[in-house]
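First comes the structure, then the notes that go with it.
Only this structure's heavy atoms are used, side chains among them; waters, hydrogens and symmetry mates stay out.
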Amino acid sequence: MQDLPSLFAKASQLAGRSFAELAAEVGLKVPKDLRRNKGWVGQLLEQQLGASAGSQQLQDFPELGVELKTIPIDATGKPLETTFVCTTPLVDIEQLSWEQSNVRNKLQCVLWIPIDGRREIALAERTVGTAFLWQPSAAQEQQLRQDWQEHMDRIALGQVEQISAHQGEVLQLRPKAANGRVKTQAIGPNGQLIETLPRGFYLKTSFTHSILRDVFNLP
DNA sequence: ACATGATCATCA
DNA sequence: TGATGATCATGT
């Protein structure tokens, strides 16, 4: 993708189209459901939009500074799931600041694409919604920064295992792993290294809901 | 293991 | 019924 207007135009033209027809265009098979294919819709839209694929710590469109995120919504436009942002660093974090954090980098500019997430509708028949570009307002960035700082402070103090998803107004910390046996290093309560479950940063649904309401002028 | 893409399954 | 903690697939 060469420029932002082109990307946005292409994303806008996906509105109203079904997963079945979009999958056919790129030669994908529509799974029966998402139970064993949780990232399928995201990958479908990546292919449709030509995101620079890869499992790298980069935005989806590095040359444009844009991150692509699908967001499943119900019939009223409410998000059905939280939004994963990135893995949480648990060691070598003493020098880390919000300004250089992966959370801030990923959320600097997001191309949101709402999708029909209703499980009662067959996956193939679900459709894409209206894409929009978002950059956090000063107030939103302040909320994100504050939550990020509180989480990182606890992690630096060796309290990562005391953090629950209840903490954080807009940005929460939750497990992010293939299963409960996966381990990674973190700072322990006495400053030593411990093994713990990998964590990720997620946007709470109340936050993404407010983003959707702002953009679509909903109550 | 860790990055990407997320939703599932269960319980309060 | 909403949210938390757990989990699934794939590529490097």
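The shortest side-chain heavy-atom distance between A:Thr82 and A:Arg174 falls under the 4.5 Å cut-off.
Between the CZ atom of A:Phe207 and the C1' atom of C:dA3 there is a distance of 18 Å, rounded to whole Å. Across the protein-nucleic acid pair, A:Leu58 atom CG and C:dG11 atom C1' stand 15 Å apart, rounded to whole Å. In this structure, A:Lys204 atom NZ and C:dA3 atom P are separated by 8 Å, rounded to whole Å. Following rounding to the nearest Å, A:Asn179 (CG) and C:dG5 (P) show an atom-to-atom distance of 17 Å. Taking atom CD on A:Glu46 and atom C1' on C:dA9, their separation rounds to 13 Å, with Å as the unit. For A:Asp74 and C:dA3, the CG to P distance is 11 Å, given to the nearest whole Å.
How far CD of A:Gln100 is from CD of A:Gln95: 8.5 Å, rounded to the nearest 0.5 Å. In this structure, CG in A:Asp147 is found 10.0 Å from CD in A:Gln142, a value given to the nearest 0.5 Å. Rounding to the nearest 0.5 Å gives a distance of 5.0 Å between CD of A:Glu94 and CD1 of A:Ile187.
Looking at A:Glu169 and A:Lys204, no side-chain N of the basic residue comes within less than 4.0 Å of a carboxylate O on the acidic one, giving no salt bridge. Under 4.0 Å is where a charged nitrogen must lie from a carboxylate oxygen, and between A:Arg17 and A:Glu25 at least one such pair does.
When heavy atoms are screened at a 4.0 angstrom cut-off, A:Arg174 is found touching base atoms of the nucleic acid. Looking at heavy-atom distances under 4.0 Å, A:Lys176 makes contact with a base. Using a 4.0 Å heavy-atom criterion, one finds that A:Gly39 contacts the bases of the nucleic acid, with or without backbone contacts as well. Base contact: A:Glu81 has a heavy atom under 4.0 Å from a base atom. Using a 4.0 Å heavy-atom distance criterion, A:Glu67 is classed as a sugar-phosphate-only contact. At a threshold of 4.0 angstrom between heavy atoms, the contacts of A:Thr70 are confined to the sugar-phosphate backbone, with no base atom among them.
No more than 12 heavy-atom neighbours from other residues, nucleotides or ligands sit within 6.0 angstrom of CD on A:Gln2.
When the side-chain nitrogen and oxygen atoms of A:Ser164 are compared with OP1 and OP2 of C:dT4, none of them lie within a distance under 4.0 Å. Dashed line: the shortest gap from a side-chain N or O of A:Arg36 to OP1 or OP2 of C:dA9 is under 4.0 Å. Put simply, A:His166 has no side-chain N or O that comes within less than 4.0 Å of OP1 or OP2 on C:dA3. A close approach under 4.0 Å does not occur between any side-chain nitrogen or oxygen of A:Gln43 and OP1 or OP2 of C:dA9.
In this structure, A:Ile71 and A:Cys86 both approach DNA chain B, and ranking their closest nucleotides by distance from the 5' end singles out A:Cys86. Between A:Arg119 and A:Gln57, the one whose closest nucleotide on DNA chain B sits nearer the 5' end is A:Gln57. Both A:Lys78 and A:Leu197 lie close to DNA chain C; mapped to their nearest nucleotides by heavy-atom distance, the more 5′-ward contact belongs to A:Lys78.
Think of the region where chain A sits on DNA chain B: with heavy atoms and a 4.0 Å cut, that region ends 5' and 3' at B:dA1 to B:dA9.
Across A:Tyr202, A:Phe207, A:Trp148, a single residue satisfies side chain to side chain contact (heavy atoms under 4.5 Å, CB included) together with A:Leu171, and that is A:Trp148.
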